[in-house]
Amino acid sequence: RQALEEMRALYERNQADVSEAKSGRTDLIFLIRFRHCCLLRNQRCILAYLYDRLLRIRALRWEYGSVLPNTIQFHMSAEEMEWFNHYKKSLATYMRSVGGEEGLDLTQDIKPPKSLYIEVRCLRDYGEFEIDDGTTILLKKNSQHFLPRWKCEQLIRQGVLEHILS
């Protein structure tokens, strides 16, 4: 915001000096060019900042899944939330288009697993959780389970489950 305010002030001063330079004051041309270079530099800085934020928001989709925690959403603007939702929908459309009928979840197994099943501890009450074979497991706080890694990874990232390393 400070950079934008500075850019507005530089632009207004340049506009005033341009009108004077048109009337014959050629000594202002160097000052006008200098301010214009400052405007371009500030513009590049703002664009680099915004691009970095978009890269971080994109990384949040891969880290937390399609639902962001409230603490992170609090620090995002409405436009950033809108961009996140568009990216989320675009990624979901792509994942449905590859991998056959059910699609392919690219957000699972970001790191190659060492084993297919892992032992997890439930950090908070979650409710019923169904595995592919139809078994339903009740995830209550402090309960421990031996579950397929790919089914648990999303819940681990959301903070519902904790991987127990033995």
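- Criterion: ILVMFWY side-chain heavy atoms under 4.5 Å apart, direct or through other members. Under it, Leu31 and Leu10 are not part of a common hydrophobic cluster.
- In terms of heavy-atom proximity, Thr71 sits nearest to His75 at O-CD2, 3.0 Å.
- The line from CZ of Phe74 to CG of Leu68 is 15.0 Å long, rounded to the nearest 0.5 Å.
- Other residues, nucleotides and ligands contribute more than 12 heavy atoms inside 6.0 Å of the NE2 atom of His163.
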Please tabulate, for the side chains in residues 120-129, all donor-acceptor contacts under 3.5 angstrom to protein atoms that are two or more places apart in sequence or on a different chain.
unit_1	atom_1	unit_2	atom_2	d
Arg121	NH1	Glu162	OE1	3.0
Asp125	OD1	Lys141	N	2.7

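- Evaluation of the salt bridge (charged side-chain N to carboxylate O under 4.0 Å, His left out) rule for Asp17 yields Arg35 as partners, not counting sequence neighbours.
- Taking each heavy atom of Leu147 and Cys152 in turn, the nearest pair found is CB-SG, 3.3 Å.
- Between the side chain of Ser90 and the backbone N or O of Tyr87 there is no donor-acceptor pair closer than 3.5 Å.
- Under a hydrophobic clustering in which Ile, Leu, Val, Met, Phe, Trp and Tyr are joined whenever their side-chain heavy atoms come within less than 4.5 Å, directly or via other members, Val98 and Leu91 fall into the same cluster.
- Taking 4.0 Å as the cut-off between side-chain N and carboxylate O, Glu153 and Arg157 count as a salt-bridged pair.
- No continuous path of hydrophobic side-chain contacts links Leu50 to Leu60 [ILVMFWY only; heavy atoms under 4.5 Å].
- Side chains of Asp52 and Arg56 form a contact here, defined as non-hydrogen atoms less than 4.5 Å apart.
- Annotation: the span from Glu6 atom CD to Leu39 atom CG amounts to 8.5 Å, rounded to 0.5 Å.
- Hydrophobic cluster membership of Leu55, counting Ile, Leu, Val, Met, Phe, Trp and Tyr whose side-chain heavy atoms lie under 4.5 Å apart directly or via other members: Tyr51.
- Here the CZ-OG distance, from Phe84 to Ser77, works out to 13.0 Å after rounding to the nearest 0.5 Å.
- Leu138 and Ile131 are assigned to two separate hydrophobic clusters, defined by single-linkage of ILVMFWY side chains at heavy-atom distances under 4.5 Å.
- In terms of heavy-atom proximity, Tyr117 sits nearest to Pro148 at CD2-N, 3.5 Å.
- One finds the CD1 atom of Ile72 at 7.0 Å from the CD atom of Glu63 (value rounded to the nearest 0.5 Å).
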- Task: Applying side-chain contact (heavy atoms from CB on, under 4.5 Å), run through Ile46 and Met7 and close with a yes or a no.
- Result: CA-CA 11 Å; Ile46 289 173; Met7 287 176 73; 3.7 Å; yes
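- Annotation for Tyr64 and Gln158: closest pair O-CG, 4.0 Å, computed over non-hydrogen atoms.
- Put simply, NZ on Lys89 and OG1 on Thr93 are 9.0 Å apart, with the number rounded to the nearest 0.5 Å.
- Annotation: side chain of Gln15 is in contact with side chain of Tyr11 (closest heavy-atom distance under 4.5 Å).
- When each of Ile156, Leu165, Ile164 is paired with Ile118, the side-chain contact (heavy atoms from CB on, under 4.5 Å) condition holds for Ile156 and for no other.
- Atoms CG and CD, from Leu161 and Gln144 in turn, are 11.5 Å apart once rounded to the nearest 0.5 Å.
- In this structure a side-chain-to-backbone donor-acceptor pair under 3.5 Å is missing from Ser143 to Leu139.
- Under a hydrophobic clustering in which Ile, Leu, Val, Met, Phe, Trp and Tyr are joined whenever their side-chain heavy atoms come within less than 4.5 Å, directly or via other members, Met76 and Tyr49 fall into different clusters.
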